[in-house]
Amino acid sequence: MQIFPRSLNYLPLLGALAATVGGAGLTFAIWYYGSPLNTQVGYAPVQPVAYSHKLHAGELGIDCRYCHANVERSQEAMVPATQTCMGCHAMIQTDSRKLTKIRESWDSGKPVEWVRVHKLPEHAYFDHSVHLASGVGCTSCHGRVDQMEVVRQVEPLSMSWCLDCHRDPGQHIRPKSEITNMEWEPSQDEAELVARAELVNPPTHCSGCHR
C-alpha cells in the first residue's frame with residue numbers, strides 16, 4: 001500500500017526550481033538597488049534655464065556661496081532666488097534669449113521652477129552647514145561642478161556611501177578657507193588637517209541620520 005501520492009516525487013524538483021528563481025530574483029534586487037539605476041548616479045535633469053556651472057563657477061570663478069548663500073548656516077544649500085541672478089544680469093547680457101525665463105520671473109515675481117538634482121529620501125537627515133563647518137569640501141559630494149555644463153549627480157548618496165565617509169572622514173577634510181575651492185588638493189605635509197580630522201567624530205549610529 002502506497003502512503004504518499006506520486007505527486008510528491010516532484011517536490012525536490014519544485015524546491016530546486018523555487019530556489020533558483022528566488023535566488024535569481026534576490027540577486028537582481030541587490031544588483032538593482034545597489035546600482036546607479038537606483039542611486040541616480042549620472043542623473044542630469046533638463047533645467048528651465050540653461051545655466052552653465054562650467055561658465056559661472058569655472059571660467060568666471062564665482063564662489064559657490066554667492067548663489068547658495070546660506071549653505072554655511074542652513075541645512076539646505078538653497079536654490080538661488082531670481083534676484084541673485086539679476087544681481088548680475090540686470091546689467092550683463094540683458095537681451096539674451098537664454099535668460100528670457102529669468103527676466104519673466106523677475107517681472108512676475110514667480111520663482112523659476114528649477115529641477116532638484118541631489119535629493120535624499122525623506123527618512124534621511126543631512127545638514128550642509130555641519131559638514132562645511134567640519135571642513136568637508138563641496139567636491140566630496142558634488143564632484144567638479146566647475147567643469148559641468150549641466151550639473152549631474154556623481155555620487156550615489158546611499159547609506160553605505162555616507163557611512164564610508166563617517167568612518168574615515170580624514171580623506172575629505174580640508175582647510176575651511178578652501179571648502180569651495182574646486183581645484184584644491186592636499187599637500188604632502190598637512191599635519192594641521194590630520195589633527196583636525198582626529199577631532200571630527202561623525203555619527204555612525206542610526207539616529208545620526210534617521211531622526
Side-chain angles (χ1 to χ4, degrees), residues 39-122 124-157 162 165 169 172-186 193 196 200 209:
T39 57
Q40 302 282 322
V41 171
Y43 176 58
V46 176
Q47 300 291 352
V49 178
Y51 179 88
S52 170
H53 278 76
K54 182 178 180 180
L55 170 62
H56 292 80
E59 297 175 21
L60 299 179
I62 298 176
D63 191 283
C64 306
R65 292 165 292 192
Y66 179 77
C67 297
H68 304 286
N70 290 329
V71 70
E72 293 180 295
R73 301 182 295 274
S74 171
Q75 173 189 344
E76 300 285 348
M78 304 191 70
V79 175
T82 301
Q83 66 186 41
T84 301
C85 304
M86 293 300 290
C88 294
H89 288 293
M91 297 174 287
I92 300 173
Q93 294 191 349
T94 56
D95 297 326
S96 173
R97 293 179 59 185
K98 294 181 180 180
L99 300 172
T100 298
K101 290 189 178 181
I102 296 294
R103 291 192 295 270
E104 291 176 350
S105 171
W106 180 250
D107 292 335
S108 67
K110 296 181 179 179
V112 177
E113 296 184 0
W114 300 101
V115 181
R116 187 167 184 171
V117 179
H118 302 85
K119 182 175 176 60
L120 291 177
E122 293 182 358
Y125 175 81
F126 179 86
D127 191 323
H128 276 84
S129 64
V130 171
H131 288 77
L132 268 65
S134 299
V136 178
C138 302
T139 57
S140 289
C141 299
H142 299 292
R144 290 297 302 271
V145 175
D146 60 321
Q147 297 176 355
M148 299 181 191
E149 191 68 34
V150 178
V151 171
R152 64 185 182 279
Q153 184 173 320
V154 298
E155 299 292 353
L157 307 184
C162 293
C165 180
H172 298 286
I173 301 300
R174 59 174 67 193
K176 292 184 180 180
S177 60
E178 306 297 333
I179 288 174
T180 59
N181 181 359
M182 299 285 175
E183 298 180 347
W184 181 85
E185 295 288 344
L193 293 183
R196 282 186 54 204
V200 175
C209 300

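Everything numeric here is computed off the predicted structure, so don't read it as measured data.
Heavy atoms only, all atoms of each residue included: Val112 and Thr82 are closest at CG2-OG1, 4.0 Å. The heavy-atom pair separating Cys88 from Tyr66 by the smallest distance is SG-OH, 4.1 Å. Nearest heavy atom pair, residue Tyr43 against residue Pro45, reads OH-CB, 3.4 Å. Pairing each heavy atom of Ser134 with each of Val200, the nearest pair is O-CG2, 4.1 Å. Residues Arg65 and Val71 come closest through the heavy atom pair CG-CG1, 3.8 Å. Between Ser140 and His172, the shortest heavy-atom contact is OG-ND1, 3.0 Å.
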### Task
Would you check, one step at a time, whether the test side chain to side chain contact (heavy atoms under 4.5 Å, CB included) holds for Trp184 with Ile179?
CA-CA 9 Å; Trp184 181 85; Ile179 288 174; over 6 Å; no
### Message
Go through it in stages, so that I can follow the logic: the residues are Asn70 and Glu76, the test is side chain to side chain contact (heavy atoms under 4.5 Å, CB included), and I'd like the CA-CA distance, side-chain angles, deciding distance and then a yes or no.
### Response
CA-CA 8 Å; Asn70 290 329; Glu76 300 285 348; over 6 Å; no
### Message
As a quick check of understanding, evaluate side chain to side chain contact (heavy atoms under 4.5 Å, CB included) for Glu149 and Ser52, giving each step before the final call.
### Response
CA-CA 5 Å; Glu149 191 68 34; Ser52 170; 3.0 Å; yes
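At most 12 non-hydrogen atoms from other residues, nucleotides or ligands lie less than 6.0 angstrom from CE of Met78. Within 6.0 Å of CG on Asp107 lie more than 12 heavy atoms contributed by other residues, nucleotides or ligands. For Gln75, the CD atom sits in a packed shell: over 12 heavy atoms of surrounding residues, nucleotides or ligands are nearer than 6.0 Å.
Residues Arg174 and Thr139 meet the side-chain proximity criterion, which asks for heavy atoms closer than 4.5 Å. Here the side chains of Cys162 and Leu157 are not in contact, with every heavy-atom distance at 4.5 Å or above. Within the 4.5 Å cutoff, side-chain heavy atoms of Arg152 are placed close to those of Val154. Using a 4.5 Å cut-off on side-chain heavy atoms (C-beta onward), Tyr51 and Pro80 make no contact. Side-chain contact between Val115 and Val46 is absent, with no heavy-atom pair separated by less than 4.5 Å.
Taken to the nearest 0.5 Å, the NE2 atom of His131 stands 9.5 Å off from the CD1 atom of Ile173. To the nearest 0.5 Å, the span separating NZ on Lys119 from CD on Gln153 amounts to 12.0 Å. Between atom CD1 of residue Ile92 and atom CE of residue Met86 there is a gap of 11.0 Å, rounded to the nearest 0.5 Å. Annotation: the span from Arg103 atom CZ to Lys98 atom NZ amounts to 12.5 Å, rounded to 0.5 Å. To the nearest 0.5 Å, the span separating CD1 on Ile62 from OG1 on Thr180 amounts to 12.0 Å. The SG atom of Cys209 lies 11.0 Å from the CG atom of Asp127; values are rounded to the nearest 0.5 Å.
Between the side chain of Arg144 and the backbone N or O of Met182 there is at least one donor-acceptor pair closer than 3.5 Å. No donor-acceptor pair closer than 3.5 Å links the side chain of Ser105 to the backbone N or O of Lys101. In this structure a side-chain-to-backbone donor-acceptor pair under 3.5 Å is present from Lys176 to Ala133.
Under the 30°/60° scheme for interplanar angles, the aromatic rings of His89 and His56 are found to stand perpendicular. Using a 30° and 60° split on the angle between ring planes, His118 and His142 fall in the perpendicular class, above 60°.
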